[in-house]
Amino acid sequence: MQGDHEQAERLLSASLTLARDHADVGGMAAALNLLGVLAHNAARPDEARAFLNEALPLWEVERRDLGRTSPLFNLGRLSLYWGEPHDAVEPLSRALAFWRTSGNTHGVAYALYSLGRALLDIGDTGQAQHLLRESLDLRRAIGDERGIIASQTALGLSAVMGGEFREALPLLSDALTRSVRLGHRRNIAESLEDYAAYAARAGSAAQAVRWCAAARNLRAMIGAPAAPWMNGRSPSP
């Protein structure tokens, strides 16, 4: 999450080797799942999909709860992030059902958020906002700072696209403040892109360009370029 992809890959690859040496199916699924997350974060979607597709049947053997992640969830998130929201709905819905059954509040909140984002991109704004508000309420209740940032961002962007700037600004502002406090640089870059979308829609093209430039510079520093679905975050005024 800090952008040190090389060290993360070394550790996760070592974990996968150990799991394979000990025929630990659950361990293999967990390591492959996180290697998929790493590739996703490093903007290597084809590699991410290969890891996750290898992890999914191993995970399905025992459906071990991995916390706020699973190959099923991450395959849906991958489709969402790389511009295929229709393909994201089915795996994200299944992940949500799994986590509701297992009583994993963190997982439920993450699935609600991601499914809400997919529906928002498809155009089902009403249902999307319902899911996003539920995810935000859960995340606030359990003190999930990164989750709060994501849910606030999505609700803020929904408000921006609807021209509800007064409602959007406090959501986006608080998300950026929390991102800076956490020191999570990818979240900071995404928050800057959200501000760019706000500025563009509000009629301040020059400010939108400045926010975009700041986000691009930060992404270059951590080796995490924006995914295709983010290109719609900064629409023309």
Side-chain angles (χ1 to χ4, degrees), residues 1-9 36-48 74 77-85 88 110 113-114 116-118 120-121 128 132 135-136 139 144-237:
M1 290 301 179
Q2 294 174 333
D4 189 353
H5 297 152
E6 291 184 6
Q7 176 68 355
E9 189 165 11
V37 172
L38 170 64
H40 166 79
N41 287 349
R44 304 195 300 261
D46 292 340
E47 183 181 334
N74 286 318
R77 190 171 70 112
L78 190 69
S79 293
L80 167 63
Y81 201 84
W82 292 95
E84 301 167 337
Y110 266 71
Y113 160 75
S114 296
R117 279 306 315 253
L120 192 62
D121 289 355
L132 291 169
S135 76
L136 180 57
R139 287 166 156 176
D144 178 2
E145 281 292 303
R146 288 191 59 239
I148 291 170
I149 291 168
S151 294
Q152 285 183 324
T153 292
L155 284 166
L157 286 174
S158 176
V160 167
M161 298 310 171
E164 299 169 345
F165 303 124
R166 185 173 297 180
E167 179 182 342
L169 187 57
L171 290 165
L172 298 180
S173 178
D174 190 57
L176 178 57
T177 299
R178 289 173 185 268
S179 297
V180 171
R181 185 168 64 238
L182 285 179
H184 192 298
R185 291 182 290 180
R186 189 158 59 88
N187 275 148
I188 294 171
E190 290 174 0
S191 291
L192 291 171
E193 289 157 352
D194 300 335
Y195 263 102
Y198 172 88
R201 282 283 181 140
S204 180
Q207 185 62 60
V209 170
R210 285 193 288 271
W211 289 126
C212 280
R216 187 178 302 113
N217 290 338
L218 184 53
R219 285 187 175 278
M221 287 174 57
I222 63 175
W229 72 276
M230 288 186 170
N231 293 334
R233 281 185 158 187
S234 303
S236 300

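Heavy atoms only, all atoms of each residue included: A189 and A215 are closest at O-CB, 3.5 Å. When every heavy atom of A168 is checked against every heavy atom of G156, the shortest pair comes out as CB-O, 3.4 Å. The shortest heavy-atom contact between G147 and R139 is O-NH1, 2.9 Å. Scanning both residues, Q152 and A175, for their nearest heavy atoms gives OE1-N, 3.6 Å. Residues A208 and A200 share a closest heavy-atom pair of CB-N, 3.8 Å. Nearest approach of P45 to L78, heavy atoms of both residues: O-CD2, 3.8 Å.
H40 NE2 to E47 CD: the interatomic distance, rounded to the nearest 0.5 Å, is 13.0 Å. Considering CG of L172 and OG1 of T177, their distance stands at 10.5 Å, rounded to 0.5 Å. The structure places CZ of R178 at 14.0 Å from CD1 of I188, a figure rounded to the nearest 0.5 Å. A distance of 8.0 Å separates CG in L182 from CZ in R146, rounded to the nearest 0.5 Å. The distance from the CZ atom of R181 to the CG atom of D174 is 7.5 Å, given to the nearest 0.5 Å. Annotation: the span from S114 atom OG to L120 atom CG amounts to 12.5 Å, rounded to 0.5 Å.
Taking 4.5 Å as the limit, every side-chain heavy atom of E193 sits out of range of all side-chain heavy atoms of T153. Residues R77 and Y113 are not in side-chain contact: their nearest non-hydrogen atoms beyond the backbone lie 4.5 Å or more apart.
Using a distance-only test at 3.5 Å, with no hydrogens or angles considered, no donor-acceptor pair links the side chain of S158 to the main chain of A154. A donor-acceptor pair is defined here as one N or O able to donate and one able to accept, closer than 3.5 Å; no such pair exists between the side chain of S173 and the backbone of L169.
For E6, the CD atom sits in a loose shell: 12 or fewer heavy atoms of surrounding residues, nucleotides or ligands are nearer than 6.0 Å.
Pairs passing the side chain to side chain donor-acceptor pair (under 3.5 Å) check and including a residue from residues 206-215, sequence neighbours excluded, read Q207-R210.
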